[in-house]
*Asks:* 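Below you'll find the structure I mean.
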Amino acid sequence: MNTSGLTSVTCPIHTSEPIQRVDTEFGSEKEFYCIECLLNIDNPADKKTLKPLKQLIEQAAAFYQENRKRSEENIETPAEYLDILSRQQENLETLTERIEKEK
């Protein structure tokens, strides 16, 4: 994927610095890191989930391409999934009743 046309996104804390890394950990305290932010990370273990922005974009593009191919191939949805989806309203009602009983 050619990412040369991408514009840089600046850090909300260090406004003159472009974002260099993205935290891929769901629910992380901070998602975007510039060089200044990276230098201020105290715990090296916190850097394990950080990916270069370009790599994340390429990975997302590849994922999109793969799923696009699957949808074009018209892969049939498994019957188990269709069964669950057909009972969605019933399942929501049951869940709502259980939550109300626990209150």
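Just so you know, residue 1 is the first one in the sequence shown, and it goes up from there. Remember, predicted model here, so these are calculated numbers, not experimental data.
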*Asks:* Taking the six-membered ring of Tyr33 as reference, does the cationic atom of Lys30 (NZ for Lys, CZ for Arg) lie under 6.0 Å from its centre and within 45° of its axis?
*Replies:* yes
*Asks:* Quick one: which of Cys11, Pro12, Ser16 gives a side chain to side chain contact (heavy atoms under 4.5 Å, CB included) with Cys34?
*Replies:* Cys11
*Asks:* Which residues pass the salt bridge (Lys or Arg N to Asp or Glu O under 4.0 Å) test with Asp83, not counting sequence neighbours?
*Replies:* Arg87
*Asks:* Grouping I, L, V, M, F, W and Y whenever their side-chain heavy atoms are under 4.5 Å apart, do Ile57 and Val9 come out in a common cluster?
*Replies:*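 Cluster IDs for Ile57 and Val9 match.
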*Asks:* Please report the interatomic distance NZ(Lys47) to CG(Leu38), rounded to the nearest 0.5 Å.
*Replies:* 6.5 Å
*Asks:* So how far is it from Thr49 OG1 to Asp23 CG, rounded to the nearest 0.5 Å?
*Replies:* 3.5 Å
*Asks:* Using the side chain to side chain contact (heavy atoms under 4.5 Å, CB included) rule, pick out the option among Arg21, His14, Gln20 that qualifies with Ile35.
*Replies:*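 Per the side chain to side chain contact (heavy atoms under 4.5 Å, CB included) rule, the option paired with Ile35 is Gln20, out of Arg21, His14, Gln20.
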*Asks:* Rounded to the nearest 0.5 Å, what separation is found between the CD atom of Gln55 and the OG1 atom of Thr24?
*Replies:* 9.0 Å
*Asks:* Under the side-chain contact (heavy atoms from CB on, under 4.5 Å) rule, collect the residues that match up with Gln59, sequence neighbours excluded.
*Replies:*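 Applying side-chain contact (heavy atoms from CB on, under 4.5 Å) to Gln59 gives Lys51, Leu56.
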*Asks:* Say you draw a straight line from CG of Leu53 to CD of Glu58; how long is it, rounded to the nearest 0.5 Å?
*Replies:*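 Going from CG on Leu53 over to CD on Glu58, the span is 10.0 Å.
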*Asks:* Among all residues two or more places apart in sequence or in another chain, which pass the side-chain contact (heavy atoms from CB on, under 4.5 Å) test with Thr10?
*Replies:* none
